[in-house]
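Remarks on the structure that follows.
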Amino acid sequence: MQEPLTLEDVNHLVKQRIEKFEAMKDELGVRHFPNTYRKDTDISAFAASYGEKTAEDLQEIETVHFFAGRVMAVRSFGKASFIHFQDATGRLQAFFEKAKLGEDSYALFRKLDIGDIIGLWGAPIKTRTGELTVYVEGFELLTKSFRPLPEKWHGLKDMDIRYRQRYVDLIVTPEARSTFLARTKIVSAIRAYMDGNGFVEVETPMMQTIAGGATAKPFLTHHNTLDMDLFLRIAPELYLKRLLVGGFERVYEINRNFRNEGISTRHNPEFTMIEFYQAYADYTDLMRYTEEMISSVAQQVLGTMKVTYQGQPIDLTPPWQRYTLKDATVDLGGVPRDAMEDREKALAFCRARGLEPEGNESLGELQLLIFESTTEDKLAGPVFVTSYPTEVSPLSRKNTEDPSIVDRFELFIVGREIANAFSELNDPFDQYERFARQIEKKEEGTSELDEDYIRALEYGMPPAAGEGIGIDRLVMLLTDSPSIRDVILFPLLRKGDLS
RNA sequence: GAGCCGGUAGCUCAGCCGGUAGAGCAUCGGACUUUUAAUCCGGUGGCCGAGGGUUCGAUCCCCUCCCGGCUCACCA
């Protein structure tokens, strides 16, 4: 914990502001952290109303608007001053004039600091340079800011501070604000799209006794009263499919998953996925659905289906390319076809490439290994990769013609997996065997066999397809953000030192 | 978990072969009634990430640790 601010605070800039605030209260009768102030105009609305008007037009407008916001820049000339202040909707210039405000009020204004939150009111004018401005008739200090903001020109570059003190980042980095607003819009648009297609949003347990539905190490926690260990979920999948058994035909959940794995520019321990399940649909239906949804979300939020990610142009206009895993690996990854068809040759290929297989892998596992190491990053996409090996897809329905593969696809864009979907395995006996095999192989993250899920399947789950889309990664793509930490407001970091 | 890079004033950054700390912005004082990174003059401000070592002397060299970034591994 940090010490509360005191006059002894080592930072002289903070000390100065505290003293200034005390003086304002004592000498200038400033209210102490007032609660009530009624603003009636957002900056964006003000700009929309008057932005196009000429200086002459505005001279005739005497309507007084009440604003509130944070002081971001001050340019002072003795008896008159300009500031910029910002609210949630934008940034606006205000003109403070001694002749207009009077001696006392102007003296108070001169004591304001960058970062202070003020209420101010006045009528619109345009300055000589044509900038829409409030001609201030009065103002009030609403909240004193005791800590100095980063400088106006270079802004905040230190990633550590940007992530740890996101509030500062949001104040001074317009791109951060717009990225997080875009994230909100993207999630809203997805939700609207799902709702519009008859999907029902549900919430399933975050705390689970068996962490199933994916292969990843879970976080462990404990309930005291029940004296029971619990896992934070790694996926909602098995619960959502229980709902299909229960009679919901289209369900989705947008929420957090927790995976106790490494951290990188593409991985945060808690991340957001949408998972959705549709009865009486198969994975090919979901390919069409996915390309329609993502492209229309892009159109809605960005106004275009053509985006650029880190300099790389991507066209999200459907339909998207489709490739089997084997063909993609051969055609795009440049892997000889027999290395994808013969286990011994696959093993030899892996060893030759330094992939260090353990030697007991099945052909399917080797195929995935080869695909991931040679081909994934070449999938600029958007491209659907289908026909995954059965061994690496424990929850997917086997293909009817070829049981060595499953009816599954993953969506890749700029070499990254954005979505994973498949026709659901609803044969309880097959499912039991595949679970048992996973347990047998002691796959990491497989805690124990979820017998209740098998029991649910025994009641009968309708034929269905389901999909998970990584929201954070989708937002990265659509906001051109290089790191997942740029699209998560408060990414997980080590406990930092406040100094 | 491994490798590489980084941490110097509130912020953004310099700091040479080891000689005891600098700039811009912010801040404080002064001038200034239409500025746009306002301008001009003068100041304040530093546990040089932490600890240890080498040295007459360490921001600088060595070791350990902490925090961050990137790449890789695990994963999505």
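A, B, ... follow the sequence lines: proteins, then strands. Residue 1 opens every chain. On a predicted model such as this, the values are computed, not experimentally measured, just so you know.
Nucleic acid contact class of A:L149 (heavy atoms, under 4.0 Å, all strands): none. Residue contacts shown for A:L156 are limited to sugar-phosphate atoms, with no base heavy atom under 4.0 Å away. Within the 4.0 angstrom heavy-atom criterion, no nucleotide atom of any strand lies near A:G468. A:T265 comes within 4.0 angstrom of sugar-phosphate atoms only, judged by non-hydrogen atoms across all strands, and of no base. Across all strands shown, A:D158 has heavy atoms under 4.0 Å from sugar-phosphate atoms exclusively, and none from any base. Within 4.0 Å (heavy atoms only), A:A99 reaches at least one base atom of the nucleic acid. Residue-level contact check: A:K111 touches neither bases nor backbone, having no heavy atom under 4.0 Å from any strand. Base engagement by A:R266 is indicated by at least one non-hydrogen atom pair under 4.0 Å involving a base atom. Residue contacts for A:F271: at a heavy-atom cut-off of 4.0 Å it reaches a base atom on one of the strands shown.
Comparing B:U27, B:U35, B:A73 by their nearest atom to the side chain of A:D113 picks out B:U27. Which of B:C13, B:U27, B:A38 sits closest to the side chain of A:K152 comes down to B:A38. With B:G10, B:A76, B:U12 as the choices, the nucleotide that has an atom nearest any side-chain atom of A:T215 turns out to be B:A76.
The distance between atom CG of A:D169 and atom C1' of B:G69, rounded to the nearest whole Å, is 15 Å. Look at CG on A:D160: it is 12 Å from P on B:C70, rounded to the nearest Å. In this structure, the CD1 atom of A:I484 is 13 Å from the P atom of B:U71, given to the nearest Å. Going from atom NZ of A:K217 over to atom P of B:G1 covers 11 Å, rounded to whole Å. Following rounding to the nearest Å, A:L112 (CG) and B:A26 (C1') show an atom-to-atom distance of 16 Å. Rounded to an integer number of Å, the gap from CG of A:L493 to P of B:C66 is 16 Å. In this structure, A:F95 places its CZ atom 6 Å from C1' of B:U33, rounding to the nearest Å. Taking atom CZ of A:R162 as the reference point, atom C1' of B:G10 lies 18 Å away to the nearest angstrom.
Atoms OG and CG, from A:S396 and A:D407 in turn, are 8.5 Å apart once rounded to the nearest 0.5 Å. To the nearest 0.5 angstrom, A:M287 atom CE is 6.0 Å from A:T386 atom OG1. A distance of 12.0 Å separates CD of A:E372 from CD of A:Q367, quoted to the nearest 0.5 Å.
Remark: A:K20 engages A:D113 in a side chain to side chain donor-acceptor pair (under 3.5 Å) (not counting sequence neighbours).
Below the 3.5 angstrom threshold, one finds no donor paired with an acceptor across the side chain of A:E97 and the base of B:U34. In this model, a side-chain donor or acceptor of A:E151 finds a partner on the base of B:G24 within 3.5 Å. Interface remark: the A:R75 side chain does form a donor-acceptor pair with the B:U35 base, using a distance-only criterion of under 3.5 Å.
Comparing A:K126 and A:I161, the nucleotide of RNA chain B nearest to each residue sits closer to the 5' end for A:I161.
The C1' atoms of B:U34 and B:G46 are separated by 39 Å, rounded to the nearest whole Å.
With a 6.0 Å cutoff to the six-membered ring centre and a 45° limit on the axis angle, A:R408 counts as a cation-pi contact of A:Y388. A:Y135 carries A:K100 over the face of its six-membered ring, with the cationic atom under 6.0 Å from the centre and within 45° of the normal.
For the residue pair A:N255 / A:E203, no side-chain donor-acceptor distance below 3.5 Å is found, with atom types taken as modelled.
An anti orientation is assigned to B:C72, its glycosidic angle lying beyond 90° of 0.
Using a 4.0 Å cut-off between charged side-chain N and carboxylate O, A:R242 and A:E237 make no salt bridge.
For A:R322, the CZ atom counts as densely surrounded, since its 6.0 Å shell holds more than 12 non-hydrogen atoms of other residues, nucleotides or ligands.
With its ring centre under 5.5 Å from that of the base six-membered ring and a plane angle below 30°, A:F82 counts as stacked on B:U35.
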Pairs under 3.5 Å (Watson-Crick or G-U), crossing ones as [ ], inter-strand ones as |: RNA chain B comes out as (((((((..((((.....[..)))).(((((.......))))).....(((((..]....))))))))))))....
